[in-house]
Undergrad: 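One structure is given below, represented as structure tokens, and several questions about it will come after.
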Amino acid sequence: MSELISSPTRIHVLDPRLANQIAAGEVVERPSSVTKELIENAIDAGSQRIEVEIEQGGARLIKVRDDGIGIGEQDLPLALARHATSKINSLEDLEGVSSLGFRGEALASISSVSRLELISNAEEDPRQGWRVVAEGRGMEARVTPAPHPRGTSVAVRDLFFNTPARRKFLRTEKTEFAHVEEAFRRQALSRYDVAWVLRHNQKVVHQLPPGVTPAARERRIASLLGKNFIEHARYIEREAGGLRISGWVGLPTHSRSQADQQYFFVNGRVVRDRLVAHAVRQAYRDVLYNGRHPVFVLYLELDPDVVDVNVHPTKHEVRFRDGRMVHDFLYSSLHHCLASSKPAEEEQNMSHGHEDDVTDAPGSAGEVDVQTPAPRWQQQGMALSDSPDRHPGAERVRRFMQGYQALHPDHEESLLTPQPSSPSISTSKATEVREAPLAMPEHDATAAPPLGFALGQLHGVYILAQNAQGLVLVDMHAAHERIVYERMKNQLAAANGIDTQPLLVPVSLAASRAEVATAESERDAIAQLGVELDVAGPETLLVRQLPALLAQADPEALIRQMLEELARFGRTHQVEARIHELLSTMACHGSVRANRRLTIDEMNALLRDMERTERSDQCNHGRPTWTQMSMKALDRLFLRGQ
């Protein structure tokens, strides 16, 4: 080590070829990244048709052909030069860049680790094309005539042929092509007005015609992501404060085990941004099953001047000038879209007056009658205070809930009446349930509400109902749990502020200087959450007060997570998430249990409540609450009409 220090190497300018290969380490990771860069250039050229041809997963050949504006003979020598671009001319252009490419590094980097051939024509005459070739050398590009229709073709052969160490990191042909196809899929989802073709080893994998109508867009998504995506997605479109979001949001019941169908575009550029991911995660917080990932194809449009795309060499990350506003806009838009996920909107586009009835119903948010005696379900909830999992501050929530009454008060009381533990039921009672008259009108089945009318109960767990489409099966505990949970949240939101509780002994936390700075700058936001946090030193924080519901929570973990979210995203949902977790537990304990026999009237009352309740497609843990079996599916099951 001392020898290196005593005789240092002189500073010198890197050889252009070596400099390009160093840059290639950032831009050219594998064949898919080459494909992405070439396609982005084709899009920037105003192409209406882009063809991608791949051989051996891209290791042997990556060819992208477009019908864009082309490159003139005089500009072609610079096409492969580093830091040569037609996209920007000044710092002002960079700050408001709207093109996908702008660095002027991609072609130079790719040509330094492959055998690259570029043929282009900027004229209408197909005889006016020109060719430039580079084979991983630092020599000057030579331009020769080559006939070519208007547009550009770039062929990249033998990727990493002159860097064996990089070539060893390539995976199997199948794996590399899967990455190439994913890069193609992202770009095809970004521009519906462009026709796309993808071939692998001379076989057509995707052939997508252009289309800008809603139906054409949905056909493209179905072709790229599968028909199930569109069938289980909700279209969203919202605009506010100079921001516009549109696209498709997957229903929580159509989640996946991995985050492989999440596409987010900012001004047409596909990005993977932590702020965006956090906003989406929060919107799906209490409707997604543990370990599952939502699916979505979303497009955010905003002024290019308020978003910085020059953050990372791959241009996958962006930085928003007002990240807090973007985060709040995304969260509120998605939250509202998912909140409307209820059977009344999912099954039929008919109005039965349910939505209008909700706001006028007793016990809806903002309409609390504290003189109304607590219904029996709440008396059971109060009994939870003696259970081992009692949560401090739960009494305050129960006081909020004293005005709660379901839209069918008798239904709620009878559902939650304590029952004998024995599953045996008297013959007379069973006969009474069996012989209850059906509510389904025989003369007009289409008059049924979205979840139909109850037919009976299966093993004390599921409700069977008949609607216009066929058979509906409902998990009665999961459904009732969501109903109670949503109404508890509404009652809590209707209260004036968060009930707080000072700590008898303030909790001292050792904090970093960055955490202390966040605590000082976000003092007002923290106080609004019912938390009193004082700075006691350059690296010390004092927790003096917490929300009453979280009085026994771990203050250190809560405060650190709050400060981390505030520093990274400008917003924190930790307090809300903890309180909602408590309410979810209470709702679960207070909901109708399995093996509880219901009358037909009680079943129908529960179905109507589901149709009025937001997010009633899932329970508090993200599990589905109901499913539909169509008459067509039932006919197939029994081979009717075969």
Side-chain angles (χ1 to χ4, degrees), residues 29-30 32-33 36 57 171-190 205-206 218 220-236 247-265 270-299 316-317 330-331 334-335 337-339 341-342 346 462 473-475 477-479 481-482 485 561 573 577 580-581 584 588 615-629 633:
E29 180 184 1
R30 60 197 325 159
S32 60
S33 53
K36 167 188 172 293
R171 304 301 182 186
T172 64
E173 177 179 329
K174 181 179 179 180
T175 299
E176 292 301 336
F177 179 71
H179 286 283
V180 169
E181 186 180 14
E182 177 63 16
F184 174 89
R185 185 180 292 113
R186 291 173 180 171
Q187 301 298 339
L189 289 172
S190 73
V205 180
H206 292 290
E218 291 188 359
R220 176 169 294 189
I221 290 179
S223 177
L224 293 171
L225 303 180
K227 293 181 179 179
N228 280 342
F229 184 98
I230 287 296
E231 291 174 357
H232 297 88
R234 183 189 300 276
Y235 184 75
I236 179 176
W248 291 264
V249 180
L251 296 174
T253 48
H254 185 62
S255 58
R256 295 176 68 85
S257 59
Q258 53 187 343
D260 59 343
Q261 287 194 357
Q262 298 183 350
Y263 301 92
F264 195 89
F265 301 86
V270 61
V271 301
R272 294 192 297 265
D273 186 83
R274 290 182 298 177
L275 182 144
V276 170
H278 184 266
V280 173
R281 195 163 54 247
Q282 292 299 316
Y284 277 91
R285 184 176 59 214
D286 65 352
V287 293
L288 205 62
Y289 195 65
N290 289 336
R292 304 291 293 182
H293 300 270
V295 299
F296 53 83
V297 178
L298 292 170
Y299 304 87
H316 278 153
E317 299 178 14
L330 294 176
Y331 169 74
L334 297 178
H335 183 77
C337 180
L338 294 172
S341 174
K342 51 186 177 180
E346 290 305 311
Y462 299 104
L473 287 87
V474 177
D475 183 332
H477 171 72
E481 182 181 346
R482 170 60 71 176
Y485 177 43
Q561 290 174 357
H573 295 273
H580 284 181
E581 183 179 353
S584 177
C588 183
R615 307 177 184 87
S616 61
D617 283 349
Q618 301 85 32
C619 77
N620 309 347
H621 314 292
R623 294 185 290 106
T625 59
W626 68 281
T627 188
Q628 172 85 57
M629 293 188 68

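Numbers here are sequence positions counted from 1. Everything numeric in this text was worked out from a predicted model, so none of it was measured.
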Undergrad: Is any side-chain heavy atom of Arg623 closer than 4.5 Å to a side-chain heavy atom of Gln618?
TA: no

Undergrad: Atom NZ in Lys36, atom CZ in Arg30: separation rounded to 0.5 Å?
TA: 14.5 Å

Undergrad: So which atom in Ala283 and which in Leu338 form the shortest heavy-atom distance, rounded to 0.1 Å?
TA: O-CD1, 3.6 Å

Undergrad: Which distance, rounded to the nearest 0.5 Å, do you find between the CD1 of Ile221 and the NZ of Lys227?
TA: 14.5 Å

Undergrad: On a heavy-atom basis, which atom in Leu288 and which in Pro252 lie closest, and how many Å separate them?
TA: CD1-O, 3.7 Å

Undergrad: Run the numbers on Leu298 and Leu334 for side-chain contact (heavy atoms from CB on, under 4.5 Å), then give the verdict.
TA: CA-CA 10 Å; Leu298 292 170; Leu334 297 178; 3.9 Å; yes

Undergrad: Which atom names give the shortest non-hydrogen contact between Ala222 and Ile230, and what distance separates them?
TA: N-CG1, 4.4 Å

Undergrad: Where do Ser32 and Ala183 come nearest, in terms of heavy atoms and distance?
TA: O-CB, 3.8 Å

Undergrad: According to salt bridge (Lys or Arg N to Asp or Glu O under 4.0 Å), who are the partners of Arg281, at least two apart in sequence or on a separate chain?
TA: none

Undergrad: What pair of heavy atoms forms the shortest contact from Tyr331 to Ala279, and how long is it?
TA: CD1-O, 3.9 Å

Undergrad: Can you confirm whether Leu473 sits close enough to Trp626 that some side-chain heavy atom of one is under 4.5 Å from a side-chain heavy atom of the other?
TA: no

Undergrad: Is any side-chain heavy atom of His179 less than 4.5 Å from a side-chain heavy atom of Phe177?
TA: no

Undergrad: Please check this pair: side chain of Ser33 against backbone of Glu29, looking for a donor-acceptor N/O pair closer than 3.5 Å.
TA: yes

Undergrad: Does some side-chain heavy atom of Tyr235 sit less than 4.5 Å from a side-chain heavy atom of Val249?
TA: no

Undergrad: Closer than 3.5 angstrom, by distance alone: can the side chain of His232 be matched with the main-chain N or O of Asn228 as a donor-acceptor pair?
TA: yes

Undergrad: Under a 4.0 Å threshold between the charged nitrogen and the carboxylate oxygen, would Asp617 count as salt-bridged to Arg482?
TA: no

Undergrad: Between Ser190 (side chain only) and Gln187 (backbone N and O only), is there a donor and an acceptor less than 3.5 Å apart?
TA: yes

Undergrad: One pair to check against side-chain hydrogen bond (donor to acceptor under 3.5 Å, both in side chains): His335 and Gln282. What are the steps and the verdict?
TA: CA-CA 8 Å; His335 183 77; Gln282 292 299 316; over 6 Å; no

Undergrad: When rounded to the nearest 0.5 angstrom, what distance separates CZ in Arg256 from CD in Gln262?
TA: 10.0 Å

Undergrad: Within the side chain of Thr625, is there an N or O that forms a donor-acceptor pair under 3.5 Å with the backbone of Ser616?
TA: yes

Undergrad: Please test Phe264 against Arg272 for side-chain contact (heavy atoms from CB on, under 4.5 Å), starting from the C-alpha separation and ending with a verdict.
TA: CA-CA 7 Å; Phe264 195 89; Arg272 294 192 297 265; over 6 Å; no

Undergrad: As a quick check of understanding, evaluate side-chain contact (heavy atoms from CB on, under 4.5 Å) for Trp248 and Tyr299, giving each step before the final call.
TA: CA-CA 9 Å; Trp248 291 264; Tyr299 304 87; 4.2 Å; yes

Undergrad: Is it the case that the side chains of His254 and Arg292 hold a donor-acceptor pair, with the cut-off being a distance below 3.5 Å and no angle test?
TA: no

Undergrad: Using side-chain contact (heavy atoms from CB on, under 4.5 Å), reason through Leu224 and Phe229 one step at a time and then give a plain yes or no.
TA: CA-CA 10 Å; Leu224 293 171; Phe229 184 98; over 6 Å; no

Undergrad: Does the side chain of Ser255 reach to within under 4.5 Å of the side chain of Val295, using non-hydrogen atoms?
TA: no

Undergrad: Between Asp273 and His278, is there a side-chain heavy-atom distance shorter than 4.5 Å?
TA: no

Undergrad: Taking atom types as modelled and ignoring hydrogens, do the side chains of Gln261 and His293 form a donor-acceptor contact shorter than 3.5 angstrom?
TA: no

Undergrad: Find out whether Tyr263 and Leu225 are in side-chain contact, i.e. whether some heavy atom of one side chain is under 4.5 Å from a heavy atom of the other.
TA: yes

Undergrad: Does the Glu176 side chain pair with the main chain of Arg171, one donor and one acceptor, at a distance under 3.5 Å?
TA: yes

Undergrad: With a 4.5 Å heavy-atom cut-off, do Asn620 and Asp286 have their side chains touching?
TA: no

